[in-house]
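Residue numbers begin at 1 in each chain, while the letters A, B, ... track the order of the sequences.
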Amino acid sequence: MELSKNYVPQATEQKWYDYWNTKGYFHSVPDERPAYTIVMPPPNVTGVLHMGHALNNTVQDILLRRARMQGYNTCWVPGTDHASIATEAKVVNMLREMGIDKNKLSREEFLKYAWEWKEKYGGIILQQLKKLGCSLDWERTHFTMDEGYYKAVINVFVDLYRKGNIYRGVKMINWDPQALTALSDEEVIHKETNSKLTYVRYRIDSDTEEYITIATVRPETILGDTAVCVHPDDERYAHLKGKYCFVPLINRRIPIIFDDYIDKEFGTGALKVTPAHDINDYNLGQKHNLEVIDTLNANGTLSEAAQLYIGEDRFAVRKKIVEDLKTSGNFVKQEDYTNQVGVSERTNAVIEPRLSMQWWCNMDRMAQPALEAVMNDDIRFYPSKFKNLYRHWMSNIKDWCISRQLWWGQRIPAWYDKQGNIYVAPTEAEAKAAYKAAFPDGADELRQEEDVFDTWFSAWLWPMEVFDWDKDHNNKELAYYYPTSTLVTAPDIIFFWVARMIMSGYEYQGKLPFEQVYFTGLIRDKQGRKMSKQLGNSPDLLQLIEDYGADIVRFSVLISSPAGNDILYDESFLEQGRNFSNKIWNALKLVKMWEEKTTQEGLSNSQDGAFATSWMHNRILEARTQIDHMFRDFKLSEALKTIYSLIWDDFCSWYLEWVKPAQDQAMSREVYEKTLSLFEDLLQLLHPYMPFLTEEVFHLLREQQEDLINRQLPAASAADDQVLRQGALLQQLISAIRDTRNKNQLKPKETVSVAIDTANTGFYTAAGHILQRQVNADSLEMATEAPAGWIALVVQTEKVYLDCKIEVDPEAQRGKMQEELEYLKGFLLSVDKKLSNERFVQNAKPEIIENERKKQSDAVAKIKTLEESLSLL
RNA sequence: GGAGGCAUAGCUCAGCUGGUUCAGAGCAUCUGCCUUACAAGCAGAGGGUCCGCGGUUCGAAUCCGUGUGCCUCCA
């Protein structure tokens, strides 16, 4: 078969994905093997694949494919999250484009549109994951609003309500005036904003004309002021104790209060207090029994209570009121000021702190076991630095606002009667029954709560509910797959989601939901900015897959992503990946060429082959052990680098050159077969990272009995150090001689002669022929003294003489050797010093001392060799 | 204001529990090669007071303190 010049991913990826999928390799059924389970962090149903997903899902696929090769029954559950606010915002936008106003629709009509939208676009991201090669168990696909899932969320709410964890109450929350819903603290993004600090003077209620000046970035909230506050120790204002002042424009008489909460240095040291519109002011108001005047409507316009500007938008009023304050004589000045402004993660609208009736879940009790599980490593975090962050949040945990003023989501199962009594029950019928029980003669129509749950109130059940937890808490699948093995996620949802899954896991299964949590980094662009849709700095992933192939995209994100550190993504990684895949492809081509040159006898290279195959085999053994350790620590990036170098450097650059038959010579069948096996072993190590390419090359190498995806990794076994050392010596000899050739400006075709003075002639019997070929030497002889006019060099303790067939300057040679000798002597001195230091010998670990001894003896031997060589020159 | 993280080659970053076979990788640079697997390549080379200062230690890029500069999260 004719192989193309370069690897063409487009031709193979779809083919293999379909093949694996059709063969059922991705589907898991409980059996006697141990399970390795991952539940995918469900992407937003509205989402399209971006870099973050690519990294996250590639990592999961790598872990899973490796586990599959290690004999686990692997199960990777896909799914999507209904993402209430994000999806609702999308649907509202779509309706607006269609000329439909959401507010004119009934709840049912709106939900019909939303479901249509979901059916049409909701599966896109999962399809895209197939392109990436993800070995997901598609038969287990879940959605957080599936019927069964919906019920589970309802049941959990009812249960927690009955346990007394849930209550309804008015608190200050983050209000999104665009989406018209409450948001959790975690859904608010604080952005640095250039604002104006406006200084306004309030007239004091006294006989003389006296004012107190405050500074505010939100002058429109003046209308809701119910006090002015100063620091008790502030001498400037001490005389105002017990006095009142007037809110400008509306002349409301408000007290001047004293509290050490005030920062004397900030602004004028006097703070206007607006309890309805600022959390700190609210707390102050509670403390000083201040009136709360809510001057804003839900949509961000001013309410009747404001008295002025009623119905006008808060930002328009912010400008307008400044003009009016100027007219009234209350305006003092305005300064530029930079502050943090909260905006909605989903709608980007500026958040309004607002007092609002919401549903709350108290987390204190559930937080306890969840905190302990992580602190005592029942659940391990990788990297562990996130434990601190987790502890900090968990030990200061606040009540969770679980209601959202939206339609898309699980509607809160609470019903109200006319008196406002609340009946929480899984179904309306049960709520009615409860009402009847309380009021046997009552005839109220119960009204269901309009709000739905925060998305995370469903997502926190994910690892259980994908195995049908709600139907049967002891079902067979749950018993087999739960707790799941590894959760792979980004650190920015450690509170939103990770912490809450741990809490629900202990609350409802009495068990951890996963054994390890691996946090990937955030992907940033070259300028270090987080990749986001708003910035438009995320590359089009499907285009990248189209252009480069999924394997190379996978390679590029993994090679640059050390555990838990942020990743600066640069397209040069794609080139590195492409070059790598071509390297492998070309190695395949080379090996396939040999197939025809193979003979049974294989006189040409069986000798070289014995040395080379043994060395390469042991290199693979050595690397396997290293890679095992790296995977154990989730150092996936380092493991990939190890495999990369093993294939490129050890296999392609050294091994293949060593066994390559000379021009017009036959290839030994035995060496050929061994080469294929070694190649297969390498492909297997790489397979989790680059599944398509490796499966393709694996099958092109020769007829296979099995597919690479299922090939089992052998148990780890130790490499033979002796063989590895000999290989390293051969490499050093070759490099040193090539370097000398280069420095003497020899052309590649010009031959040299080599003579070696060694105590180790057996090595040259085995590997001498390789050495000779690799340095283009016309002869290789054993010598005991330096031939006149030859260049001398020392490699380890081997004395090497080289005839470059040109004039060499003996002085220059001597100088170079002298230099090396000086360095070695200095080195030896430091080692000697260390070893003669009693405290070192007493304190250091035995293996360290052993190592120093070895360094000492090696240095002594090499110095001796160098000195002998020098004297011979 | 509170908490955490990071500062290593021109660039982007590895370097686990302290010990010159760990000062490393990729890219970039320089030299020589179109050596029939690969020029998207091959063979070599150069390049770093491991942010400043102080401390612990027989020994520190690695631990502690401090300063500076960036970043993130929270208020």
- Using atom P of each nucleotide, how far apart are rU8(B) and rC71(B) to the nearest Å? 15 Å
- Task: Check if the side chain of Arg738(A) and the base of rA43(B) share a donor-acceptor pair of N or O atoms closer than 3.5 Å.
- Result: no
- Message: Tell me whether Glu352(A) is salt-bridged to Arg218(A), with the criterion being a basic N under 4.0 Å from an acidic carboxylate O.
- Response: yes
- Message: Using side chain to side chain donor-acceptor pair (under 3.5 Å), reason through Arg624(A) and Thr642(A) one step at a time and then give a plain yes or no.
- Response: CA-CA 9 Å; Arg624(A) 274 199 195 127; Thr642(A) 302; over 6 Å; no
- Item | Pair partner, rG44(B) [Watson-Crick or wobble, under 3.5 Å] | rC30(B)
- Cationic tip of Arg500(A) above Trp400(A) ring, under 6.0 Å, 45° of axis: yes
- Query: Can you tell which of rA37(B), rA75(B), rA40(B) lies closest to the side chain of Lys398(A)?
  - Reply: rA75(B)
- Does Phe580(A) or Cys652(A) map to a spot on RNA chain B nearer the 5' end, using the closest nucleotide for each? Cys652(A)
- Check if the side chain of Glu657(A) and the base of rA43(B) share a donor-acceptor pair of N or O atoms closer than 3.5 Å. no
- Item | rU36(B) pairs with, by Watson-Crick or G-U criteria that keep both distances under 3.5 Å | none
- Atom CD of Glu638(A) to atom C1' of rC22(B): distance rounded to whole Å? 12 Å
- Message: Please give the distance between the P atoms of rC58(B) and rU49(B) as a whole number of Å.
- Response: 29 Å
- Query: How does protein reach along nucleotides 28-36 of chain B, written 5' to 3' as B (base within reach of a heavy atom under 4.0 Å), S (only sugar-phosphate), or - (no contact)?
  - Reply: ----SS--B
- Query: How far does the P atom of rG41(B) sit from the matching atom of rC27(B), given to the nearest Å?
  - Reply: 8 Å
- Residue closer to the 5' end of RNA chain B, Tyr644(A) versus Asn586(A) (nearest nucleotide): Tyr644(A)
- Message: What's the gap between rC30(B) and rG47(B) when it is taken at their P atoms, as a whole Å value?
- Response: 16 Å
- First locate atom CG of Leu701(A), then atom CG of Leu683(A), and finally report the distance between them rounded to the nearest 0.5 Å. 6.0 Å
- Note on the structure: Regarding the side chain of Asp739(A), the nearest nucleotide among rC38(B), rA45(B), rA40(B) is rA45(B)
- Rounded distance (Å) that lies between atom P of rC74(B) and atom CZ of Phe496(A): 8 Å
- Should rC16(B) form a Watson-Crick or G-U wobble pair with both distances under 3.5 Å, which nucleotide is its partner? none
- Test: Arg702(A) and Glu595(A) ion pair at under 4.0 Å: no
- Provide the Watson-Crick or G-U wobble partner of rG1(B), both distances under 3.5 Å; none if there is no partner. rC74(B)
- rC16(B) to rC22(B) separation - C1' atoms, rounded to the nearest Å: 12 Å
- Distance between P atoms of rU68(B) and rG10(B) (Å, rounded): 26 Å
- Who pairs with rA23(B) - Watson-Crick or G-U, where each distance is under 3.5 Å: none
- Message: Under 4.0 Å from OP1 or OP2 of rG41(B): is there any side-chain N or O of Asn579(A) that close?
- Response: yes
- Query: Taking atom P in both rA23(B) and rC50(B), what distance in whole Å separates the two?
  - Reply: 14 Å
- Query: How are the rings of Phe580(A) and Trp648(A) set to each other: parallel, tilted or perpendicular (split at 30° and 60°)?
  - Reply: parallel
- Watson-Crick or G-U wobble partner of rA9(B), both distances under 3.5 Å: none
- Message: Measure CD/Gln626(A) against C1'/rC22(B) and give the value in whole Å, please.
- Response: 14 Å
- Message: Can you check the distance between rG44(B) and rC63(B), where both ends of the measurement are the C1' atom (answer in whole Å)?
- Response: 40 Å
- Query: Does a side chain donor of either Asp649(A) or Ser653(A) reach within less than 3.5 Å of an acceptor in the other side chain?
  - Reply: no
- Query: Are more than 12 heavy atoms from other residues, nucleotides or ligands located less than 6.0 Å from atom CD of Glu546(A)?
  - Reply: no
- Do Lys660(A) and Glu657(A) meet the salt-bridge criterion of a basic N to acidic O distance under 4.0 Å? yes
- Note on the structure: By the Watson-Crick or G-U definition, both distances under 3.5 Å, rC63(B) is matched with rG55(B)
- Specify the separation, in whole Å, of atom CD of Gln774(A) and atom P of rA43(B). 9 Å
